[in-house]
Amino acid sequence: MLVIDTETYLIGPGRIAPKPVCIQLCDERREPWILLASDPDTPDILEALINEETIVGHNLAFDMGVLCEAYPQLQTPIWRAYTEDRMLCTQVLEKLIHIAHGWDTKDPRSNLPLKTNLASLATTYLKHEMKGKDSADAWRFRYRELDSVPLEKWAPDALRYALDDALITYEVHQSQRAWMIKNNKICMDMYQRARGAWALHLMGAWGLRTDPEKVDELAQRVRNRVQGAKITLQRTGLIKPDGKKDLKAIRSQIDRAYRIQGKDTPKTAKGSVGTSREVLAASGDVSLQLLASISNDEKLLTTYVPVLERGKTLPVNASYNPVVATGRTSCRSPNVQNQPREGGVRECWIPRQGNVYVQADYSIAELCALAQCCIYMGVESSMAKALNEGRDLHLDLASKIMSISYDDALRLKSEGDKEIKNARQMAKIANFGIPGGLGVVSLVSFAKMAYGVVLTETEATDLRNQWLEAYPEMKAYFRYVRDQLRTQERFELRQWRSARIRGNVGYTDGCNSPFQGLAADFGIDMCFHVARACYIDVQSPLYGCRPVAFVHDEIILECEADRGHDAAIELQAIMERRARAWCPDIPIVAEPCIMTRWYKDAETKYGSDGRIIPWG
DNA sequence: ACGCGATGCGCC
DNA sequence: AAAGGGCGCATCGCGT
């Protein structure tokens with residue numbers, strides 16, 4: 001086992017893999033040593049080590065990105081080591097440990113906020129304070145001053161700081177292993193997630209660009225609408241002279257408006273007057289309704305437009321979190337996983353000159369994963385059966401709701417029958433809502449929120465019963481979770497196949513996690529395999545493509561325009577193959593397409609020669 | 001000036 | 001028996 005750490009030039013937009021200054025190493029001898037990046041022997045030494053050892057690092061993906069960029073000869077060895085489960089990130093492992101215990105705010109071992117930076121881990125595991133006592137920390141951002149400077153001339157603190165990081169990482173990792181064993185919480189998917197972290201890091205590092213003209217158009221449009229309304233609202237006192245909302249005034253006006261209507265004032269969880277768009281819109285008050293009408297544009301203007309502006313001149317480098325409680329990933333700075341589908345934000349993202357986006361997503365990934373979970377449980381699954389018969393799952397349920405055969409449902413749908421269309425809509429509500437443990441009351445609001453469908457409680461009850469009848473295995477699925485909770489308030493969940501542990505779950509999260517986590521597992525696994533094809537598989541049609549975004553069941557690559565078709569087909573093939581590896585009993589389908597921008601509902605579009613051409 | 005809880009809202 | 005989950009981000013307002 002070998003710890004690798006690097007000190008580098010500074011990071012900046014478009015510079016996520018900066019030039020290294022030195023590489024520190026530490027193995028079981030616990031005597032860290034250092035290689036100068038400028039030493040011509042360094043890449044060969046590293047190559048030999050990476051070919052042999054299990055490599056450990058804190059935020060390892062960053063260091064591997066640095067090394068790949070500085071020494072192209074290391075690319076293949078690094079990818080091989082990831083593929084052979086010889087790459088391990090202590091930061092990712094720490095997150096898995098937290099999830100396994102079900103911790104989310106404080107680390108009970110140290111009573112400190114739950115963080116995963118190296119200093120926090122040193123405190124928690126080693127009782128070692130990395131900061132404050134000396135000047136070593138001061139070197140953190142100054143290593144570029146030491147580029148090509150022989151080690152004899154380094155300030156002792158600069159050397160010590162660099163070496164300490166490697167040693168501490170080594171010691172922390174030993175402690176993590178001891179902790180997992182002592183608490184019987186071995187994080188079996190730590191290598192898998194380290195792979196995912198690597199693929200996601202590369203996506204963030206490559207970055208996304210925006211279309212300057214489109215961004216300006218959007219910004220202009222949205223700004224005008226918000227500005228106009230704000231001037232009016234300042235006169236009515238709902239917005240203060242400084243442009244900020246006066247929540248006190250807004251809340252009291254909402255209260256008044258609802259009283260006038262003879263309705264109860266909507267309250268939040270903590271008991272204050274709710275101020276959501278829905279509340280404002282239903283207030284019957286013109287000013288409040290005006291406020292509601294700009295809510296959407298305000299969100300675009302404050303959250304999304306500034307990021308799009310940045311992308312006009314520099315790559316936007318999102319940073320991904322390779323694992324959260326359910327097993328999914330998350331993304332920040334910016335969060336490219338929650339770009340609005342409506343309003344023209346997505347369409348501002350464009351591939352670099354001469355490229356197209358090759359994109360694909362899994363269809364009904366989580367439902368497929370749910371069916372596979374039932375099979376893993378040893379339960380016969382009619383959902384799996386329907387999927388294996390190639391049925392559209394929503395239409396299948398719709399046919400059962402209407403008490404007709406699947407073939408008749410297919411025929412009616414193709415004829416544009418209204419009743420079957422409605423039934424299929426109801427089926428979607430059931431399929432997407434109920435697996436997570438939605439009760440009747442919540443199902444009603446879920447239908448309204450997500451689909452604009454108004455259900456009575458009776459209708460929701462019927463729908464839920466029909467769903468349970470169509471998929472009898474789901475009774476066993478829910479029963480398993482209930483059984484866990486018969487003798488305890490919370491329990492420890494073990495994911496199928498990945499064996500990832502999630503501690504401290506109750507009923508609804510206990511229902512959700514198995515299938516959401518399984519879909520997340522094959523999603524991130526797919527990212528790794530796609531990225532590997534893009535970066536090092538010279539034989540692959542994806543070679544040279546660059547993944548730029550991952551959104552749970554969707555991946556987007558930049559690809560040279562004339563290679564789009566072959567890339568799309570290969571992307572689909574890898575995606576379906578990786579899904580199979582996790583869900584061997586379910587045929588999971590990926591749908592590829594080519595786009596000139598990030599369109600929300602792009603579909604596979606064929607040219608006259610039968611090859612896929614850009615959508616939109 | 002800054003931190004933080006509450007609230008609301010974007011996505012899958 | 002009943003029970004959607006879970007991210008990130010911006011804003012407001014209060015407290016230190």
Side-chain angles (χ1 to χ4, degrees), chain A residues 99 104-105 113 239-240 242-251 266-280 291-292 295-307 318-343 345-346 361-367 369-370 429-447 449-450 461 464 478-479 481-482 485-486 489-490 493 502 505-517 519-520 523 549-554 598 600:
Chain A
I99 292 165
D104 60 354
T105 45
I239 285 182
K240 293 187 276 194
D242 64 3
K244 290 182 174 176
K245 284 185 198 155
D246 188 338
L247 281 179
K248 219 174 260 174
I250 292 170
R251 289 202 171 99
K267 295 288 172 63
T268 66
K270 302 271 175 189
S272 64
V273 175
T275 58
S276 67
R277 178 167 53 217
E278 210 185 341
V279 170
L280 296 170
L291 198 55
S295 144
N296 188 253
D297 286 329
E298 265 195 303
K299 183 77 176 168
L300 298 188
L301 191 60
T302 55
T303 305
Y304 298 100
V305 166
V307 173
S319 128
Y320 287 87
N321 173 358
V323 63
V324 297
T326 50
R328 275 194 170 188
T329 60
S330 68
C331 178
R332 59 190 279 274
S333 310
N335 183 355
V336 299
Q337 295 181 327
N338 72 347
Q339 297 297 299
R341 299 174 59 84
E342 309 290 334
V345 170
R346 285 198 183 203
D361 57 12
Y362 288 115
S363 54
I364 55 170
E366 289 191 353
L367 283 171
L370 175 62
I429 294 168
N431 279 334
F432 290 136
I434 301 174
L438 268 185
V440 170
V441 175
S442 308
L443 191 58
V444 171
S445 66
F446 176 75
M449 283 289 287
T461 307
R464 193 163 185 277
F478 292 136
R479 191 185 318 121
V481 183
R482 267 204 312 273
L485 294 165
R486 250 164 17 106
E489 214 164 291
R490 316 285 289 176
L493 193 84
R502 181 178 179 192
V505 300
Y507 181 75
T508 51
D509 38 3
C511 293
N512 246 293
S513 233
F515 68 86
Q516 191 171 100
F550 171 60
V551 190
H552 307 302
D553 61 1
E554 167 188 10
W598 189 355
K600 57 169 174 162

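A note on names: the letters A, B, ... follow the listed sequences, proteins ahead of strands, and every chain is numbered from 1.
Rounded to whole Å, atom C1' of B/dG10 lies 10 Å from atom CZ of A/R346. Rounded to an integer number of Å, the gap from A/Q337 CD to B/dC11 P is 13 Å. C/dT11 atom C1' lies 16 Å from atom NZ of A/K248, rounded to whole Å. For the pair A/R277 CZ and C/dA10 P, the interatomic distance rounds to 17 Å; values are reported in whole Å. The CD1-C1' distance, from A/I434 to C/dG5, rounds to 16 Å in whole Å. In this structure, CZ of A/R251 is placed 12 Å from P of B/dA6, rounded to the nearest angstrom. At whole-Å resolution of the value, CG in A/L485 and C1' in C/dA1 are 13 Å apart. As rounded to whole Å, 9 Å separates atom C1' of B/dC12 from atom CD of A/E554.
Looking at heavy-atom distances under 4.0 Å, A/T275 makes contact with sugar-phosphate atoms alone, never a base. Nucleic acid contact class of A/Q339 (heavy atoms, under 4.0 Å, all strands): sugar-phosphate only. Across all strands shown, A/R486 has no heavy atoms under 4.0 Å from either base or sugar-phosphate atoms. Note on A/R332: only backbone sugar-phosphate atoms sit closer than 4.0 angstrom, heavy atoms only; bases stay farther off. Backbone-only engagement by A/S333 is indicated by non-hydrogen atom pairs under 4.0 Å involving sugar-phosphate atoms exclusively. If you check every strand for non-hydrogen atoms under 4.0 Å, A/V345 touches nothing. Counting non-hydrogen atoms under 4.0 angstrom, A/C511 reaches nothing in the nucleic acid. At the heavy-atom level, A/K600 lies nowhere under 4.0 Å from the strands shown. Within the nucleic acid shown, A/G506 has no heavy atom closer than 4.0 Å to any nucleic acid atom.
The phosphate of C/dA3 has neither OP1 nor OP2 within less than 4.0 Å of any side-chain N or O from A/N512. Checking the phosphate oxygens (OP1, OP2) of B/dT7, a side-chain nitrogen or oxygen of A/T268 falls inside 4.0 Å.
Here B/dC9 is the nucleotide among B/dC11, C/dA3, B/dC9 with the atom lying nearest to any side-chain atom of A/S276. Side chain of A/K245, nearest nucleotide from C/dC7, C/dC12, C/dG5: C/dC12. Proximity note for A/S330 (side chain, C-beta onward) versus C/dC7, C/dG5, B/dT7: the nearest is C/dC7. When distances are taken from the side chain of A/V441 to each of C/dC12, C/dA3, C/dC7, the shortest belongs to C/dA3. Comparing C/dC12, C/dA3, C/dG5 by their closest approach to the side chain of A/R482 singles out C/dA3. Among the nucleotides C/dC7, C/dG13, B/dG10, the one closest to the side chain of A/Y304 is B/dG10. Closest contact between the side chain of A/Y507 and the listed nucleotides C/dA3, C/dG13, C/dG8 involves C/dA3.
At a cut-off of 3.5 angstrom, the base of B/dG10 holds at least one donor-acceptor pair with the side chain of A/N338. In the interface, the side chain of A/K299 is paired with the base of B/dC9 through a donor and an acceptor atom under 3.5 Å apart. Between the side chain of A/R341 and the base of B/dC11, no donor-acceptor pair under 3.5 Å is found.
For the pair A/V440 and A/R464, the minimum side-chain heavy-atom distance is below 4.5 Å. In this structure the side chain of A/P340 reaches within 4.5 angstrom of the side chain of A/L300, judged on heavy atoms. Here the side chains of A/K245 and A/T275 are not in contact, with every heavy-atom distance at 4.5 Å or above. Under the 4.5 Å side-chain criterion, counting only non-hydrogen atoms from C-beta, A/K600 is in contact with A/E342. The closest side-chain heavy-atom distance from A/K267 to A/V273 is below 4.5 Å.
Under the side-chain contact (heavy atoms from CB on, under 4.5 Å) rule, A/I429 has a single partner from A/L443, A/V444, A/L438, which is A/L443.
With salt bridges taken as basic N to acidic carboxylate O contacts below 4.0 Å, none links A/E298 and A/R277.
Of the two residues near DNA chain C, A/A325 and A/G433, the one whose nearest nucleotide lies more 5' is A/G433.
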